[in-house]
Amino acid sequence: MKVSVIVPVYQVEDYIEVCLNAICKQSFKDFEIIVVDDGSEDNSIEKASIILKESGVMYRIISQENAGLSAARNTGLKLAGGDYVCFVDSDDVIVSDHLEKLVKLMERENLEVAFCNFEFTTKENRFGNQEKEKGHEILDIITARKKFCDRSIKIHCCAMMLQRKFLGRVGGFNEKLKFGEDTEFIWRVLMKTDRIGHIINSNYKYLVRENSIMTRQTTDKAIFFSVEFKRTLAELCKVDGMDEQLASQVYFRAIMGLFHSYARQADFGDFKNLFCETGGKRICWEC
């Protein structure tokens, strides 16, 4: 088996069919789908079962009590049998040659990790914009870290493909985090490899919806992320040689992103509490 595609599922009966159909219709055929039911109480799994049974694709459906997105992804990782692993959130879609392009790039360049661009889409336009072929690039990891930190490239964990054996060094997702788990995971990935492949097309389509995990964040979850992410960065400095200046920049970038996201939906009292609890004007790596 070449690729394991892990799909966490929770209360997505309105979206799961389009998501799974897009995966099943990939031009690359040597893959399995691992659906992890994270305690859904709607018809998500019933719909998933019908699609997968008719697809001819190798698949497994695993059910667990609700434990969150990170735990569901980790469950899928434990069961993955592919040489490579990727994640697709159950309300998102991928273009038809998504897997093919990533596998070819990783094998040709002997990469441990590669990613494509992603595009924010709406329910009315799930597959987003059509693009001309833009090719790819291979980034040395120093350049990749800098570009990701200053936002000249954007990386989403679901737009990545990773060698399964490489993930043994990285570890899975931090199950204590209910917000920001992708950021924490990506920085651990970026500190464990020396090159990364970048497919410049937006082959992963990220659905923005009002009732998603991203828009149900709470002040406590956000504050906890700031504390836990600082702990992760300290560990990366100690164990993986992350430069303290880079760690400071990464932390500041993450917290400013947190402020930006939170300010769009929180009332003033909650935002003020978050701002003060995470350092406010004094916010810095040393605080």
Side-chain angles (χ1 to χ4, degrees), residues 5-28 31 33 35-55 57 59 61 66 68-69 72-73 86-102 115-134 151 153-161 178-183 186 198-218 257-258 260-267:
V5 182
I6 297 170
V7 184
V9 171
Y10 180 72
Q11 307 290 78
V12 286
E13 63 180 9
D14 293 336
Y15 309 98
I16 189 66
E17 293 175 273
V18 176
C19 172
L20 290 179
N21 279 324
I23 301 172
C24 292
K25 293 176 182 177
Q26 290 292 292
S27 57
F28 184 83
F31 69 94
I33 299 175
V35 169
V36 182
D37 172 23
D38 190 39
S40 293
E41 297 178 349
D42 63 1
N43 294 318
S44 298
I45 297 305
E46 288 80 358
K47 291 185 175 183
S49 297
I50 292 170
I51 293 167
L52 293 173
K53 285 177 181 177
E54 296 176 350
S55 70
V57 173
Y59 74 93
I61 298 177
N66 180 249
L69 180 60
R73 288 173 176 167
C86 66
F87 306 92
V88 178
D89 284 348
S90 52
D91 51 0
D92 297 338
V93 294
I94 53 178
V95 301
S96 60
D97 58 355
H98 176 68
L99 298 182
E100 180 180 3
K101 285 185 175 179
L102 286 169
F115 72 101
C116 68
N117 289 351
F118 63 95
E119 177 185 3
F120 292 116
T121 64
T122 64
K123 187 175 181 179
E124 292 71 33
N125 184 25
R126 296 287 300 278
F127 284 89
N129 298 314
Q130 298 294 318
E131 295 179 309
K132 294 181 179 179
E133 182 61 44
K134 298 179 181 179
R151 297 181 182 272
I153 60 172
K154 296 181 180 180
I155 305 175
H156 189 296
C157 71
C158 287
M160 303 171 80
M161 181 174 283
K178 305 302 179 185
F179 170 80
E181 65 279 348
D182 290 1
T183 299
I186 290 168
H198 176 204
I199 293 172
I200 301 171
N201 287 82
S202 298
N203 293 337
Y204 190 94
K205 309 297 182 177
Y206 182 105
L207 178 66
V208 178
R209 56 189 180 99
E210 292 182 357
N211 63 338
S212 67
I213 291 174
M214 179 179 169
T215 55
R216 288 205 310 268
Q217 57 189 278
T218 65
L258 172 62
H260 179 264
S261 176
Y262 200 71
R264 290 180 297 179
Q265 56 205 307
D267 63 33

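Index from 1, following the sequence. No experiment lies behind these values; they were computed from the predicted model shown.
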A.B. asks: Within the 4.5 Å heavy-atom criterion, are Ile50 and Glu17 side-chain neighbours or not?
C.D. replies: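 Sidechains of Glu17 and Ile50: no contact.
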A.B. asks: Show the nearest heavy-atom pair for residues Val12 and Ser90, with the distance to one decimal.
C.D. replies: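 The answer is CG2-OG, 3.4 Å.
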A.B. asks: For Asp14, enumerate each residue passing the side chain to side chain contact (heavy atoms under 4.5 Å, CB included) test, keeping only those at least two apart in sequence or located in another chain.
C.D. replies: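 None.
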A.B. asks: Check whether any side-chain heavy atom of Phe115 lies under 4.5 Å from a side-chain heavy atom of Ile153, and answer yes or no.
C.D. replies: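 Result yes, sub-4.5 Å side-chain heavy-atom pair found.
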A.B. asks: Taking C-beta and beyond as the side chain, do Asp182 and His156 meet within less than 4.5 Å on heavy atoms?
C.D. replies: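 Of all side-chain heavy-atom pairs linking His156 with Asp182, at least one is under 4.5 Å.
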A.B. asks: Give the minimum heavy-atom separation between Val9 and Ile16, together with the two atoms involved.
C.D. replies: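 Looking at all heavy atoms of both residues, the closest pair is CG2-CD1, 3.9 Å.
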A.B. asks: Does a side-chain heavy-atom distance below 4.5 Å link Lys53 with Tyr59?
C.D. replies: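 Result yes, sub-4.5 Å side-chain heavy-atom pair found.
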A.B. asks: Is the closest basic N to carboxylate O distance between Arg73 and Asp89 below 4.0 Å?
C.D. replies: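 Between Asp89 and Arg73 there is a salt bridge, with a charged N closer than 4.0 Å to a carboxylate O.
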A.B. asks: Do Asn66 and Glu41 come close enough that some side-chain heavy atom pair is under 4.5 Å?
C.D. replies: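 A side-chain contact under 4.5 Å is absent here.
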A.B. asks: How close do Ile61 and Ser49 get, counting heavy atoms only, and between which atoms?
C.D. replies: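 Ile61 and Ser49 have their closest heavy atoms at CD1-OG, 3.4 Å.
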A.B. asks: Which heavy atom of Asp42 sits nearest a heavy atom of Glu13, and at what distance?
C.D. replies: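 Smallest interatomic distance, heavy atoms only, reads OD2-N, 3.2 Å.
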A.B. asks: What distance separates Lys101 NZ from Ile199 CD1, expressed to the nearest 0.5 Å?
C.D. replies: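 Interatomic distance, Lys101 NZ to Ile199 CD1, rounded to 0.5 Å: 7.0 Å.
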A.B. asks: In terms of relative ring orientation, are Tyr206 and Phe118 parallel, tilted or perpendicular, with 30° and 60° separating the classes?
C.D. replies: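 Aromatic pair Tyr206/Phe118 classed tilted.
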A.B. asks: Sequence neighbours left out, what pairs pass salt bridge (Lys or Arg N to Asp or Glu O under 4.0 Å) with at least one residue falling in residues 117-132?
C.D. replies: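 For residues 117-132, and leaving out neighbouring residues, the salt bridge (Lys or Arg N to Asp or Glu O under 4.0 Å) pairs sorted by first residue read Glu119-Lys205, Glu131-Lys134.
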A.B. asks: If you take all heavy atoms of Phe31 and Ile23, which pair is closest and at what distance?
C.D. replies: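 Residues Phe31 and Ile23, closest heavy atoms: CZ-O, 3.3 Å.
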A.B. asks: Does one side chain, of Tyr204 or Asp92, offer a donor that lies under 3.5 Å from an acceptor on the other?
C.D. replies: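 The criterion, which ignores hydrogens and geometry beyond distance, is satisfied for Asp92 and Tyr204.
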A.B. asks: Please give me the minimum heavy-atom distance between Val7 and Cys19, naming the atom from each residue.
C.D. replies: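 The pair with the smallest heavy-atom distance is CG1-SG, 4.5 Å.
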A.B. asks: Of all residues at least two apart in sequence or in a different chain, which pass the salt bridge (Lys or Arg N to Asp or Glu O under 4.0 Å) check with Glu100?
C.D. replies: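 For Glu100, the residues satisfying salt bridge (Lys or Arg N to Asp or Glu O under 4.0 Å) (neighbours in sequence not counted) are Lys104.
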A.B. asks: Is there a side-chain contact between Ile45 and Val35 in this structure, where contact means two heavy atoms from C-beta onward sitting under 4.5 Å apart?
C.D. replies: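 Contact flag for Ile45/Val35 side chains = yes.
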A.B. asks: Mark yes or no for whether Ser40, through its side chain, and Gln11, through its backbone, hold a donor-acceptor pair below 3.5 Å.
C.D. replies: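 Indeed, once roles are kept as given, a pair shorter than 3.5 Å links the two residues.
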A.B. asks: Could you check whether any side-chain heavy atom of Cys24 comes within less than 4.5 Å of a side-chain heavy atom of Leu52, counting everything from C-beta outward?
C.D. replies: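 Side-chain contact under 4.5 Å: yes.
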A.B. asks: Are side-chain heavy atoms of Asn129 and Ser202 found at a separation under 4.5 Å?
C.D. replies: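 Side chain of Asn129 against side chain of Ser202, heavy atoms only: no contact under 4.5 Å found.
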